[in-house]
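Here the structure comes first, spelled out in structure tokens, and everything after it is commentary.
Lettering follows sequence order; numbering is per chain, from 1.
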Amino acid sequence: MSLKFPIYMDYHATTPVDPRVIETMLPYFNEKFGNAASRSHAYGWTAEEAVSVARERVAALIGAKNPKEIVFTSGATESDNLAIKGVAEFYKEKGDHIITTVIEHKAVLDTCKRLEKDGCRVTYVGVGPDGMVDPAEIEKAMTDKTILVSVMLANNEVGTVQPIEAIGKLTRARGVLLHTDAVQGIGKVPFDVEALNVDLASITAHKMYGPKGVGALYVRRSKPRVRLTAQMDGGGHEFGMRSGTLNVPGIVGFGRAAELMRLEGVEEAKRFVSLRERLLASLSKSLDAIQINDHPTQHLPGNLNVSFSFVEGEALMMAIKDVACSSGSACTSASLEPSYVLHAMGIGDDIAHSSIRFGLGRWTTEEEVDFVIQLVSQKVQKLRDMSPLYEMHKEGIDLASVQWAAH
Amino acid sequence: MASAPIYLDHNATTPVLPEVLEAMLPYFSERFGNPSSQHPYGREAREAVDRARGEVAAAIDATPEEIVFTSGGTESNNLAIFGASRARPYRHHVVTSAVEHPAIREPLGWLERQGTTVDWLHVDASGRVSARDAERVVTDRTLMVTVMHANNETGSVQPIAQLSELARASGALAHSDAAQSLGKIPLSVRALGVDLLTIAGHKVYAPKGVGALYVRQGCLLSPFALGASHERGLRPGTEAVPAIVALGRACAIAAREVEAERRRLLGLASRLFERLRARVAGLALNGPALEDPERLPNTLSVRFPGVTGVAVLERAPSVAASTGSACHQGEVHAPKGIVACGVPEDQAVGTVRLSLGRLNDERQIDDAADALAAAFEEVAPR
């Protein structure tokens, strides 16, 4: 089979919709197109029924006991906003303190910043050099006024899978709610809201081979029953937590994508692990002075974030145009600021700028991986051959000790 | 559905047009990139979003920079209201109508609980507010005047241009929910003079889960959802590219065909009304008369005498229509929008809203009239 260029290795940014998902959702655009809120005719009933099947499928994927714990939204950004602002508003009599981490997605960080302006207190816990949040840090930050802890399941840049189980034990013991932005981890690493004591979880379809524009917020209904102040009013859809005509085809597609993930995710992840291993091993063999930014063991199966010392990030991206990957999170890479996630891990700007995130996914082939290995090795070597710094490095000069003359 | 009922509920939602579906399909699989990505997959998606923005803008006489994509009409309305209120917290007064959609009523109710004063303008028998009433309550403390362009239940078109002028004169914003009017009557944000205008994809033959808010250049809003800086910082979240592409195409079609479709629908609606009236003695029309130029061509809200609309529809399973607002149906309560027009509750319960659209032709209209008349004859008191 011939390769299609550029080779897509940016599955963390978004995924194509699985053909089986498209097939499932298609009839809901023009044949079964009813408004799920229409109670007086079959078009409406058919739509409502389809939504409830999808709700069950999404619930099953994350181990939710009750399908009603799934609130459909327009995506993870909305889910994050609803979870955090919804809890902050509803529980404001109980407390005003939220704990999150410095490596969260912008949707969580910016929502927390807004809440700070509105009078909430937010503690941003840091991460170790391995990108891991320390549950003890969360425990230390907890006060009597803490109402919510929000920690992502897996980081979108370095793929670190966070210790949600340990954090869940802490929050449960203290009667604090636990929210997790589970967008990147779902289906790829074990995630069960009951086993992990998660109270709120944000998920989105377009990172798991479903369509863009649909997501969900898991909201626990018992032990404890989580209450939220709705952020979007008008009609009281979704158990009063999220108004607006239901995106029936999107929801149907999301449901199918969730079902496929539940049935195939674990098997599929094994394949990613071996492809990633191949990529990592070959790059390490053919190039010196590379740094792996993923956690050595607790990382997403299809994630490889690697920094190439002595090459400039933009030049590298230009040189490897035949592979579509990302040099930071998709949402922030439009700016040339170094990744705040790598920064939080103590990685210097120069290294951060030369880091590439490879995201492997459902249609990544061995052939593609081999091509990328060859391309990247070759191009990095070529760029380094032009670099006086690399030459000094090879001569054994410790660059950190060099006194640079001003000019 | 083996034998599909005749669909007369286009004000609740519409099917996606084949041309629209065709335009969006490639963006699910081949052109699936995230518009924020810098590689060709991302750029291709970004270009598609930009093209769609241009199409939506052109359809309503706006510029592309004035279009903010959202998840639908409800979000657009929420963004307009909360966004304006947050940007100008020193203005504590809103003027609206008594017949708004819940996506306007409920956010305003929330503002009311926070201390904002809301004036809910009454409507007359044709379902219309009067600009004179609005004039009496608008002050220099008014944050916005928000009145829907066309009503979902009666189809009456509101005097938006006059209301906008009033708002402008007091430094208030003019917002209009145009979910029901786009594609049914000509629509120009310049002619209406609005600062903000809501569009809902699934009412114009685009899919559910996408909409837009027109935000006039220079009109300041504060985002109400937070995240990365998509959509000029007003609406974060990865763009729903296929749905946005579809909305663009649907708006282009709506603009292109609005005049022809308007005439066709008005013809069908008149035919339906005449046929029903011939068989149902005492049948009445809610809202504006069919000859009234300020009405949606497709919306026929009729009152069957001495029965409930629910009972009529139950006995006419070959017709898919609604008795109240599709988004917010009560059980046997009279539709609020009809009662607001001054129809007594015991008569208003006989209401059936027949909203026509692209799926309908003359034959369907005749069949539907027969089915409804027969259903009425079954339930009517003798």
Side-chain angles (χ1 to χ4, degrees), chain A residues 6 8 10 13-17 19 22 29-35 37-44 46 74-78 80-81 105-107 110-111 113-114 204 206 211-214 231-236 243-250 317 321 324-326 330-334, chain B residues 1 5 7 9 12-18 21 28-30 32-34 36-42 71-75 77-78 101-107 109-110 200 202 207-210 224-228 236-243 310 313 320-323 326-329:
Chain A
Y8 193 72
D10 203 10
T14 192
T15 58
V17 181
I22 298 182
F29 285 113
N30 50 14
E31 222 181 287
K32 306 176 184 174
F33 63 87
N35 187 324
S38 289
R39 298 280 147 77
S40 55
H41 52 70
Y43 293 91
T46 304
S74 66
T77 291
E78 188 187 335
D80 285 339
N81 271 263
H105 191 271
K106 283 281 178 203
D110 286 5
T111 302
K113 278 180 213 148
R114 161 76 71 97
T204 193
H206 82 96
K212 295 173 180 64
V214 60
Q231 298 298 306
M232 221 156 85
D233 299 319
S243 291
T245 293
L246 291 176
N247 174 3
V248 182
M317 289 302 279
K321 272 195 300 206
C325 55
S326 166
C331 298
T332 54
S333 61
Chain B
M1 279 167 280
Y7 192 71
D9 206 6
T13 193
T14 59
V16 176
L17 289 180
L21 188 58
F28 285 122
S29 44
E30 298 148 50
F32 63 89
N34 184 329
S36 297
S37 296
Q38 300 302 300
H39 46 65
Y41 292 91
S71 68
T74 293
E75 187 186 336
N77 284 337
N78 274 260
H101 188 274
I104 293 289
R105 279 205 318 265
E106 292 178 21
W110 195 90
H202 78 102
K208 296 165 184 66
V210 66
F224 90 108
L226 285 304
T238 297
E239 295 89 340
V241 183
V310 176
L313 285 184
S322 101
T323 54
C327 298
H328 208 62
Q329 284 172 335

Side chain to side chain contact (heavy atoms under 4.5 Å, CB included) partners of T111(A), counting only residues at least two apart:
N81(A), I84(A), K85(A), L226(B)
Which one, A76(A), G44(A), P19(A), S243(A), leads in non-hydrogen pairs under 4.5 Å with chain B?
S243(A)
Could you check whether any side-chain N or O of K321(A) sits under 3.5 Å from a backbone N or O of P40(B), counting only pairs where one atom can act as donor and the other as acceptor?
no
With sequence neighbours excluded, residues passing side chain to side chain contact (heavy atoms under 4.5 Å, CB included) with T14(A):
Y8(A), H206(A), K212(A), F32(B), N34(B)
Could you tell me which non-hydrogen atom of E75(B) sits nearest to which non-hydrogen atom of S74(A), and how far apart they are?
OE1-OG, 4.4 Å
Note: V17(A) and S29(B) closest approach over all heavy atoms is O-CB, 4.4 Å
Determine whether D9(B) and S38(A) satisfy the following criterion, side-chain contact (heavy atoms from CB on, under 4.5 Å), listing intermediate values before the conclusion.
CA-CA 9 Å; D9(B) 206 6; S38(A) 289; 3.7 Å; yes
Criterion side-chain contact (heavy atoms from CB on, under 4.5 Å) on D233(A) and N78(B), from CA distance to verdict
CA-CA 7 Å; D233(A) 299 319; N78(B) 274 260; 4.1 Å; yes
Please classify the contact of V214(A) with chain B as side chain, backbone, both or neither, using a heavy-atom distance under 4.5 Å.
neither
Just give me the residue among G213(A), P6(A), P211(A) that pairs up with chain B most often, heavy atom to heavy atom, under 4.5 Å.
P6(A)
Kindly compute the distance separating NZ (K208(B)) from CG (N35(A)), expressed to the nearest 0.5 Å.
6.5 Å
Tell me, side chain or backbone of T15(A) under 4.5 Å from chain B's heavy atoms, or both, or neither?
backbone
According to the interplanar angle, ranging from 0 to 90°, do the rings of Y7(B) and Y43(A) count as parallel (below 30°), tilted (30 to 60°) or perpendicular (above 60°)?
perpendicular
